[in-house]
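For reference, the structure is listed below as structure tokens.
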Amino acid sequence: MDSIALAVQKLKGFAEGLVTGRESSSRRNPIEILKRLQRESFSDLMKLRDRQDKVERLFSFYKSSKGNPFQESSTVLRGEVDFLGAVLLMSRVDEEHWGGIGRAGIRTGVDSRFRFETAVGDKGSVGIEFVANQKRVASNDGDVLETPLSLSKLFYKANAANGFSAIAIPIGAQVKDLDVASDYSLQEEKGLTDLSLGPPMLHQQTGGAIGVTVRMSNVIASLAQSIAGIRNGHCLSTFGQVVCLLPLGLKLSLLGLHRGPKLAGHNIHLGAFSIPVGFSRPSGDAEFGSIALKLDSEFDEYKRLSGWIEMKQANPEHLEWAVNFSDSSEDGYGWGTSLGGILEGPGNWGHFQVESYVKFNPSKRFSLKPGVAYVVDGNTQTLALVLRSNWSI
């Protein structure tokens, strides 16, 4: 029995050694090693995938919430370079003719404007604007043209619920920045002269301004207060506007600008971010202002018909007016025609002008506008051959 038990034990040991040898051999086999690593890697990948799912669910939760800390704000750059040149045909070159050219708004030269605008939250935006205008600077070698870059505007816009919005412009405000009837942008369609740019009151500099706007179903109302620096003092201005949205895409706007007297006192020093709201004590200067009526109609995305008339408070018989019809198509070519003038009394046409141009678009962001303008100012007449080019980014 002992010999039989001993033999069985040896066979059992041999079998165990054989199995152990195969396992050791399989562990040293490269294929088996790769399979084992693959199984371990798969397990690690599944753990990473589970963690990634948790992170994605966390981001998804914050993106759907109002207070999203991961919301990105993008900065948009808009800019344009505008050139206007003219050949003036006049009977003689004198101050009377040059005065008529100035009143016609034929402003030659190169102007550049760049704006950076960044969204703040869901309903606000802040922007800064720079301009580079040609200026004639005296030097030892004679007058030279320079184009210094300067800060021209700083603004903040906020849109609240129920059609309420506000704007603050501590630096470089113009009345047209407060015009809610038109979506003002750098790439606004310009004709050959100032006739296409709306009533003259819209282009007055107001320094710093704050304004509020309320939008209802078919009516938009806005009110703004501004302060502008003048010689030896400051002047408060109030701008109001009511816009009626009519059928057929018509917009009728009533605009009013009241510029108060100069603030009393010569020791008032207000910074760019100081905008007083209230009443001032007159200092002997007369108050003045103007009222304008504007009508805009858009036939389609590019064709537009507009007209305006403005009356001065100081002289109600002094009326400025214009009618513009344009096609600002970006494909192929467009065109534009404007006429307007100044009526200084019943039957007294102190100034009249008409212009027409053709717009060519060599590319989407570059346009050429050759045209002609005819100006009658008092006893002077001028024919101007004008070329405007515009490049935008």
Side-chain angles (χ1 to χ4, degrees), residues 79-113 131-136 143 145 147 176 182 184-200 202-203 302-308 310 320-342 349-392:
E80 72 168 6
V81 178
D82 188 75
F83 166 79
L84 181 67
V87 177
L88 305 176
L89 306 177
M90 55 184 71
S91 58
R92 62 180 181 274
V93 180
D94 54 19
E95 293 185 0
E96 189 176 5
H97 280 79
W98 282 120
I101 294 298
R103 282 184 286 273
I106 302 177
R107 312 187 190 284
T108 58
V110 180
D111 293 331
S112 304
R113 191 177 300 268
V131 297
N133 298 328
Q134 269 195 351
K135 295 181 179 180
R136 189 175 296 275
D143 291 351
L145 292 177
T147 55
K176 68 177 180 179
S182 59
Y184 168 68
S185 64
L186 291 180
Q187 288 77 29
E188 61 183 346
E189 185 67 19
K190 297 178 181 178
L192 302 180
T193 67
D194 290 347
L195 288 182
S196 60
L197 302 181
L202 293 180
H203 309 289
Y302 300 111
K303 292 184 177 63
R304 178 188 175 193
L305 175 65
S306 64
W308 55 265
E310 178 176 330
E320 298 185 47
W321 63 277
V323 177
N324 305 281
F325 190 28
S326 63
D327 181 353
S328 59
S329 175
E330 297 178 353
D331 299 326
Y333 67 94
W335 50 269
T337 300
S338 301
L339 68 154
I342 301 175
W349 292 94
H351 180 92
F352 176 79
Q353 65 185 87
V354 58
E355 66 181 61
S356 184
Y357 66 86
V358 179
K359 177 185 176 184
F360 299 99
N361 302 295
S363 66
K364 186 176 181 180
R365 299 186 179 277
F366 179 74
S367 65
L368 290 171
K369 296 178 182 177
V372 60
Y374 177 67
V375 180
V376 178
D377 187 84
N379 297 322
T380 66
Q381 300 182 27
T382 303
L383 181 66
L385 306 178
V386 185
L387 175 64
R388 179 184 289 275
S389 65
N390 182 272
W391 177 70
S392 61

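These numbers come from a predicted model, not from an experiment.
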| request: Look up atom OG in S367 and atom CD in E80, then write down how far apart they are to the nearest 0.5 Å. | output: 9.5 Å
| Straight-line distance of R107 CZ to R388 CZ, nearest 0.5 Å | 10.5 Å
| said: Quick one, Y357 and S326 - any side-chain contact, counting heavy atoms below 4.5 Å? | reply: yes
| said: Quick one, Q353 with L195, criterion side chain to side chain contact (heavy atoms under 4.5 Å, CB included). Give me CA distance, side-chain angles, the key distance, then yes/no. | reply: CA-CA 9 Å; Q353 65 185 87; L195 288 182; 3.5 Å; yes
| request: Keeping the roles fixed (side chain from S196, backbone from G191), state whether a donor-acceptor pair exists under 3.5 Å. | output: yes
| said: Can you confirm whether N390 sits close enough to V81 that some side-chain heavy atom of one is under 4.5 Å from a side-chain heavy atom of the other? | reply: no
| message | Holding to ring-ring contact (aromatic ring centres under 6.0 Å, His included), I want the full list of residues that pass it with W335, two or more places apart in sequence or in another chain. | response | F325
| said: Quick check on Y333: does its OH atom have over 12 non-hydrogen neighbours (other residues, nucleotides or ligands) under 6.0 Å away? | reply: no
| message | Nearest 0.5 angstrom please: I106 CD1 to L84 CG, how far? | response | 8.0 Å
| query | Counting only N and O atoms by type, is there a donor-acceptor contact under 3.5 Å from the side chain of D111 to the main-chain atoms of F83? | reply | no
| message | Would you compute the distance between atom CG of N361 and atom OG of S328 and round it to the nearest 0.5 angstrom? | response | 9.5 Å
| request: Start with the C-alpha gap between L383 and V372, add the side-chain angles, then the distance that decides, and say whether side chain to side chain contact (heavy atoms under 4.5 Å, CB included) holds. | output: CA-CA 7 Å; L383 181 66; V372 60; 3.4 Å; yes
| field | Test item: D82 and V110 side chains (from C-beta on) under 4.5 Å apart, heavy atoms | value | no
| task | Answer whether the closest heavy-atom distance between the side chains of K359 and L368 falls below 4.5 Å. | result | no
| request: Would you name the heavy atoms of G100 and H351 that are closest together and state the gap between them? | output: O-CE1, 3.8 Å
| task | Report the distance from atom OG1 of T337 to atom CG of L192, rounding to the nearest 0.5 Å. | result | 9.5 Å
| message | I want to check something: taking the side chain as every heavy atom from C-beta on, are P200 and E310 in contact at a cut-off of under 4.5 Å? | response | yes
| message | Apply salt bridge (charged side-chain N to carboxylate O under 4.0 Å, His left out) to residues D327 and R304 and explain how you reach the verdict. | response | CA-CA 7 Å; D327 181 353; R304 178 188 175 193; over 6 Å; no
| said: Can you pull out every salt bridge (Lys or Arg N to Asp or Glu O under 4.0 Å) where at least one residue sits in residues 371-383? Sequence neighbours excluded, please. | reply: R103-D377
| message | Restricting to non-hydrogen atoms, name the atom on T193 and the atom on A104 that form the minimum distance, rounded to 0.1 Å. | response | CB-O, 3.2 Å
| said: Go through it in stages, so that I can follow the logic: the residues are K369 and E355, the test is salt bridge (charged side-chain N to carboxylate O under 4.0 Å, His left out), and I'd like the CA-CA distance, side-chain angles, deciding distance and then a yes or no. | reply: CA-CA 12 Å; K369 296 178 182 177; E355 66 181 61; over 6 Å; no
| request: Compare all side-chain heavy atoms of W308 with those of V323 and state whether any distance is below 4.5 angstrom. | output: no
| Stepwise, does the side chain to side chain contact (heavy atoms under 4.5 Å, CB included) test hold for L339 with W321? | CA-CA 9 Å; L339 68 154; W321 63 277; 4.1 Å; yes
| query | Is the shortest heavy-atom distance from the side chain of T382 to the side chain of L89 under 4.5 Å? | reply | no
| query | Just how far is it from atom CG of L387 to atom OG1 of T108, taken to the nearest 0.5 Å? | reply | 12.0 Å
| note | For residues 85-94, the salt bridge (Lys or Arg N to Asp or Glu O under 4.0 Å) pairs (sequence neighbours left out) are R92-D94
